[in-house]
Amino acid sequence: KRQVYAYLTVIPVWIFGLTEFAVRFPSALFGTLTVLITYFLVKEIFYESKQKYSQEIALVSSLILAVSPWNIMLSRAAFEANVASFFIVTGVWLFLYAVRKNPRMLILSVLCFVLCLYTFNSVRIVAPLLFIALVLGHIKQLFKVKKAVIVAAIIGLIILLPTVPFLLSPQAKLRYQEVNIFSDISIVKTSNQEIANDHNAWWSKIIHNRRVLYSQDFLEHYFDQFHPYFLFIKGDANPKFSTQDVGEMYLWDLPLLVIGVLFLFRKREQKWWIIPIWLLIGIIPAAISLPTPHALRSEATLPTWQILTAYGFVTIVLATKKYRKQVTSILLVLLFLFVGYYLHGYYTHYPKEFSAEWQYGYKQAVQYVGGHQKNYNEVDISGIERGYIYTLFYLKYPPQEFRKTAKVYTDTFGFVHVDGFDKYKFIIVPSPLVKKDILYIADSRKVPLKVKILQTFYNLDGTPILVAYTK
């Protein structure tokens, strides 16, 4: 299960109360810490490199990550993937530090990789594969510190054991089955039809085999993650992961990224191979899922993009020799022009354009319920997806009281639903029979005729979203 983020919110909620700020605080904190850890990670990757500017590469990597739209967007909401990325970055850094200087740090590294499995679904693929790659790449060094390796392995297995039954359970497979490309039955139908068209020829069974078609589908989705439109122009199609007018990275990054890749493979300094392998592994969860490209499922690739970009930045600066200060100044000025444009859009235009994507109006509607529910025997809520969550949160309803009256059931797919608790009922479609003693909250487009409108709740762009009414 994914308990880590829930536990991380305990202290912020205790300090700040049950607020949006408290719930989002862990994501913002760990997103910021990832910037710091990236500095130490990059220095470790290029430790004792012929490149004398490893510290500069580390500083620029952290800077680019700090202002990256990808990192900013996912750090400002309670995304578990953001915390998981911190654990991966920290785990890699500690592993490299352990094999170079202090083997005891292997324990902390393993702990970070295991915690990933308790944090976010996608990294359950990335973390093990990346850890295996690190082990294989440092197998000689690890043989020299067998005692530390054994202790770290035992501790890791002990911490991992509680989640094994869940990982093997039907519930753990639900989300995977819901979004993975291998559940797409249309590919099987296409395969069968094309084989039939070729009169079941043996060669047709090979080239039109469903496994071949699934492989093609996988590669198509894999390379979607490298699409310039996604990376540099508009970003993820989901407005929660992009402002829609700036990519997951800036156009400023593009030439530097290309230069960074070319020169990294050309110079191959120290632990350079970790960066491309990490990037290629990190894309796998997004490639086997729908839709693609997907910023959240590929967040585990951070900060490899930024490290490559920083490598290109430093390479250009070093090549200019006499004009290093001028070139550095020009590149930084251009960067902050892009950052300024992004932040202007984020704080000025984005809220009004996409408030509906963030369920704006739900809070206001539930707070209205809290202020007027005493006048009604029942509150029927529709038009709010998983309305019980918002009701519990914004009314600060006691958990122990919720458990006493909650009407909970699990559907055939293993998903949990709450039909109601206390005087609150959560329905899909509002009833056409309206009663005086009931307060109704419904989608503004599904309000029955001849009812008394009490209040309308609007998105920031002025469009109505919810309506409170009674008879």
Side-chain angles (χ1 to χ4, degrees), residues 2 5 27 30-31 34 65 68-89 116-117 119-130 172-184 186-187 214-250 253-254 257 276-306 308-309 342 346 350 354 356-359 385:
R2 303 179 335 199
Y5 197 98
S27 182
F30 283 90
T34 302
L65 181 62
S68 167
W70 207 334
N71 189 46
I72 291 173
M73 289 293 293
L74 299 186
S75 294
R76 288 182 60 84
F79 289 120
E80 297 159 319
N82 199 47
V83 175
S85 291
F86 164 81
F87 285 126
I88 289 179
V89 174
C116 288
L117 307 183
T119 307
F120 187 61
N121 289 334
S122 295
V123 296
R124 289 172 179 168
I125 297 173
V126 178
L129 291 177
L130 184 55
K173 301 176 183 177
L174 283 174
R175 183 59 176 168
Y176 172 75
Q177 293 171 346
E178 184 183 24
V179 301
N180 85 90
I181 61 174
F182 305 113
S183 297
D184 185 2
S186 66
I187 290 180
Y214 276 126
S215 298
Q216 293 174 346
D217 202 35
F218 169 80
L219 291 174
E220 179 182 343
H221 289 96
Y222 190 93
F223 287 106
D224 277 348
Q225 294 297 133
F226 293 96
H227 201 294
Y229 196 73
F230 166 71
L231 290 174
F232 307 108
I233 307 298
K234 196 166 184 177
D236 196 296
N238 187 336
K240 288 185 178 180
F241 310 140
S242 166
T243 60
Q244 303 299 292
D245 63 348
V246 174
E248 297 303 324
M249 301 167 68
Y250 300 112
D253 294 282
L254 177 55
L257 177 65
I277 287 178
W278 185 344
L279 175 59
L280 295 175
I281 289 174
I283 290 174
I284 293 175
I288 63 175
S289 307
L290 293 172
T292 54
H294 202 286
L296 192 67
R297 295 191 188 116
S298 59
E299 196 197 354
T301 58
L302 302 183
T304 57
W305 303 97
Q306 290 73 26
L308 290 168
T309 304
Y342 166 72
Y346 183 83
Y350 178 75
F354 300 108
E357 299 292 334
W358 293 95
Q359 293 78 45
E385 186 179 0

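With Arg297 contributing its side chain and Asn121 its backbone, the two residues share no donor-acceptor pair below 3.5 Å. Distance alone, capped at 3.5 Å, is enough to place a donor-acceptor pair between the Glu299 side chain and the Asn82 backbone. Judged purely by atom type and a 3.5 angstrom limit, Gln359 uses its side chain to pair as donor or acceptor with the backbone of Glu357. Using a distance-only test at 3.5 Å, with no hydrogens or angles considered, no donor-acceptor pair links the side chain of Glu248 to the main chain of Asn71.
Residues Met249 and Thr309 come closest through the heavy atom pair CE-OG1, 3.8 Å. The shortest heavy-atom contact between Met73 and Lys240 is CE-O, 3.4 Å. Considering every non-hydrogen atom in both Ser27 and Ala77, the closest pair reads OG-O, 2.7 Å. Looking at every heavy atom in both residues, Ser298 comes nearest to Ala286 through CB-CB, 4.1 Å. In this structure, Pro303 and Val89 approach most closely via the heavy-atom pair CD-CG2, 3.6 Å. Heavy atoms only, all atoms of each residue included: Asp236 and Pro293 are closest at OD2-O, 3.6 Å.
Inter-residue side-chain proximity for Ser68 and Asp253 is flagged as unmet; no heavy-atom pair is nearer than 4.5 Å. A heavy-atom distance below 4.5 Å is not found between the side chains of Asn238 and Leu296. Residues Asp224 and Phe230 are not in side-chain contact: their nearest non-hydrogen atoms beyond the backbone lie 4.5 Å or more apart. Within the 4.5 Å cutoff, no side-chain heavy atoms of Thr301 are placed close to those of Trp278. Within the 4.5 Å cutoff, no side-chain heavy atoms of Val123 are placed close to those of Phe87. Between Ile88 and Leu130 there is a side-chain heavy-atom pair separated by less than 4.5 Å. A 4.5 Å side-chain heavy-atom check between Pro285 and Val126 finds at least one atom pair inside the cut-off.
The OG1 atom of Thr304 lies 8.5 Å from the CG atom of Leu280; values are rounded to the nearest 0.5 Å. The line from CZ of Phe354 to OH of Tyr346 is 12.5 Å long, rounded to the nearest 0.5 Å. Atom CD1 of Ile125 sits about 11.0 Å away from atom CG of Leu117, to the nearest 0.5 Å. Annotation: the span from Leu257 atom CG to Leu231 atom CG amounts to 8.0 Å, rounded to 0.5 Å. Taking CD1 of Ile284 as the start and CD of Gln225 as the end, the distance is 11.5 Å to the nearest 0.5 Å. The distance from atom OG of Ser242 to atom OH of Tyr350, rounded to the nearest 0.5 Å, is 7.5 Å.
Ring geometry for Tyr222 versus Phe226: interplanar angle of 30 to 60°, hence tilted. Using bins of under 30°, 30° to 60° and over 60° for the plane-to-plane angle, the ring pair Trp70/Trp305 lands in the tilted bin.
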So His227 and Ile233, side chain to side chain contact (heavy atoms under 4.5 Å, CB included) or not? Walk me through it. CA-CA 10 Å; His227 201 294; Ile233 307 298; over 6 Å; no
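Aromatic rings of Phe241 and Phe79 (six-membered ring for Trp) have centroids within the 6.0 Å cut-off, being under it.
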